[in-house]
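Comments concern the structure below.
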Amino acid sequence: MSKIVGIDLGTTNSLVAYMDGKEPKVIADREGRTLVPSVISVDEQGWIVGARAQRRLMTHPQSTVYSVKRLMGKGLADAQEERKYFPVSLTEKQPGIIQVELGPYRLTPPELSALILKEVKHRAEEFLETTVTQAVITVPAYFNDSQRQATKDAGRIAGLDVLRIVNEPTAACLAYGLQKKKQGVIAVYDLGGGTFDISILKVKEGIFEVLATNGNTHLGGDDLDQRLMELVLQEIRVEFGQDLQRDVEAVQQIRLGMEKAKRQLSTEEVTEVVIPLKQGVVYRRSLKRGELESRVRDLIDLTIGPCRQALEDAHLSLKDVDEVVLVGGATRMPLVHRLVQEFFQKAPHSELNPDEVVALGAAVQADILAGGIQNMLLLDVTPLSLGIETMGGVMSVLIPRNSTIPTNAKELFTTFVDGQRSVDVHVYQGERELVQDNRSLARFQLKDLDPLPAGLPRIEVHFTIDANGILHVSAKDLRSGRDQTIEVKPSYGLSDDEVARMIEESFKFAKSDMEARLLIEARNEAATILRHTERALKQGEPLIALDERDRIRDRITALKKATEGDDHRLIRERIEQLDKITVHLAECLMDSTLQSGLKDKKLSELP
Ligand code: ADP
Ligand code: MG
């Protein structure tokens, strides 16, 4: 029997969990590691995902990406803010769809996320010894429609049927069984690698409602590592007189070393930091938990403001909060635990592993969907209002935020002009009064209307938000009872055709095809260089010695021969050899063209 798994597709780390009898469990790899770093890299052999890709951030930064979740469901305009923070080369494939440059490839964020999903899918299949085709995937509570769509698309590209998209704080509550409460207010405090989210949820008989969310999209464990790394660089400067600031490799090595030390200090009072540097120099120092805490305390303090704001937005005070749940690897720090307890005046739940709790909750949800856990209704709510543009660019709300999903709404449309055959409708998501301040979700057109006097047609349009928080639109002509054709164009995100094509392409990127592709690329490059060299040789023959000419001819023949075979590495090797041996010829040609060019110019024209 195939299993439905729960996946936490995180910014920093991803995890997969399943239901083992009555208990959710995270699936580890053969070495016992549960986290898959959300990092993707590519080399001649194919895609590399996880810990191995993370190591390549140091050695192959051009062909390695991380934090792809930050780009999901965004157009280039939405991603400007993110570009300031991490070095990705972005282009726009078409309005609203970003492409990330990765070595020789350009992939959309859903395609990149799909590579991570494939990795965790594979891990689950190995462990469960069965195929895995269905999953529940979690997203932050504040993710809008296009970000949720993009996540679903990623699942489809990875060959997963995404049965449900669940809010991360909701999943965390599920892992703790908090849905069993009759009623209560829960604060979910999530401090991950690069993001901080605080969500205030209300649970009532199994229904979770997100009352408010707040946070900081650029605050997390990474900032602590950065702080410690700067400290070490400073100490190395003083102790060894070495400035390593620009030594990318050394900086990364120190960062990794300090991340490890930080983690150790969550369970130990003191740790020994040993970082080997170049030329046999070793940086060594002991670090106490107290010192770590005093050095990063101000960063953790930054999370309290958003907590206060979220409570205020939810119109609640501290005493209304019944439960506090800790989520995210960085909340393992005793300091974070203390500060959260101090602020909420309540001991937070920490029986479960905070970096596993979201995946565990996703597995619980998967089990509910599979019919394992019964007598339990679990519902989420839509995080943002859904409406349409009316006269003057005003947002008219059809489904208010926090409506329990699935939900639906109706609206009547008619025509303004006699004989009008179609009506344009523009759907928005957001909380602002004017549509220009909200997010355009979709445009659709009611088509093939009977030509009638203005105001006479009565077309009822149904908006349905499914259990994943995703919008569907249908329409009926009330006069004739006929279903109306509707063409919905998502303003952002990928169309069905595009997803289908990406699924196809993702197969193309599989290892064996990657080889074929590299061969084609190598042959094309060889053809170009052969053409150029033969032309250059014809022009330059009188300028070089006979034996040099013969050596070049030999290399040309060798490369031609290689292109007839199918070893792309050999072709590359011979391209390089030909390249090297023609340097002198190229210089001679350049000199001679320069001289003949100069002959025709007056002195005054020279730069
Ligand atoms: P995300 O939700 O962003 O994918 P995670 O929840 O996996 O991220 O959190 C990753 C962060 O947690 C990293 O900065 C990591 O250093 C930190 N972290 C993991 N374990 C510990 C620990 N034991 N003590 C302190 N920080 C930790
Ligand atoms: Mg997370």
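Each ligand, and each atom within it, is numbered from 1 in the order the structure gives. Position 1 is the first residue of the sequence, and the numbers go up from there.
- Residue M333 has no N or O atom closer than 3.5 Å to an N or O atom of ligand 1.
- Between E125 and K121 a salt bridge is recorded (basic side-chain N to carboxylate O distance below 4.0 Å).
- Close approach of ligand 1 to G221 (heavy-atom distance below 4.0 Å) involves ligand atoms 14 (O).
- For atom 6 (O) of ligand 1, the closest non-hydrogen atom on the protein side is G329 N, 2.9 Å.
- Checked by atom type and distance alone, the side chain of N167 never pairs as donor or acceptor with a backbone atom of P169 at under 3.5 Å.
- Where the criterion is an N or O separation shorter than 3.5 Å, residue side chain and backbone included, N13 meets it with respect to ligand 1.
- Here's the thing with G10: none of its N/O atoms is less than 3.5 angstrom from an N/O atom of ligand 1.
- Close approach to D222 involves these atoms of ligand 1, each under 4.0 Å from a residue heavy atom: 14 (O).
- The minimum heavy-atom distance between L211 and L316, with the atom names listed, is CD1-CD1, 3.8 Å.
- By the 4.0 Å heavy-atom criterion, G220 is excluded from the residues contacting ligand 1.
- Using a cut-off of 4.0 Å between Lys/Arg side-chain N and Asp/Glu carboxylate O, R123 and D29 are scored as salt-bridged.
- When heavy-atom distances to ligand 1 are checked against a 4.0 Å cut-off, E259 comes that close only through its side chain, counted from C-beta outward.
- Note that CG of L335 is 4.5 Å distant from CD of E293, once rounded to the nearest 0.5 Å.
- Salt-bridge formation is detected for the pair R263/E259: a Lys NZ or Arg NE/NH1/NH2 atom is positioned less than 4.0 Å from an Asp or Glu carboxylate oxygen.
- Of all the atoms in ligand 1, the ones that sit under 4.0 Å from a non-hydrogen atom of K262 are 14 (O), 15 (C), 16 (O), 17 (C), 26 (N).
- Of the protein's non-hydrogen atoms, S266 OG, 3.3 Å is the one closest to atom 25 (C) of ligand 1.
- Nearest heavy-atom pair, Q253 versus P276, reported as atom, atom and distance to 0.1 Å: NE2-O, 3.7 Å.
- Scanning the protein for heavy atoms near atom 22 (C) of ligand 1, the closest one is R263 CG, 3.4 Å.
- By the 4.0 Å N-to-carboxylate-O rule, E291 lies close enough to R285 to be salt-bridged with it.
- Applying the 4.0 Å criterion to heavy atoms of T12 picks out, from ligand 1, the atoms 1 (P), 3 (O), 4 (O), 8 (O).
- Distance from atom 2 (O) of ligand 1 to its nearest protein heavy atom, with residue and atom name: G192 CA, 4.1 Å.
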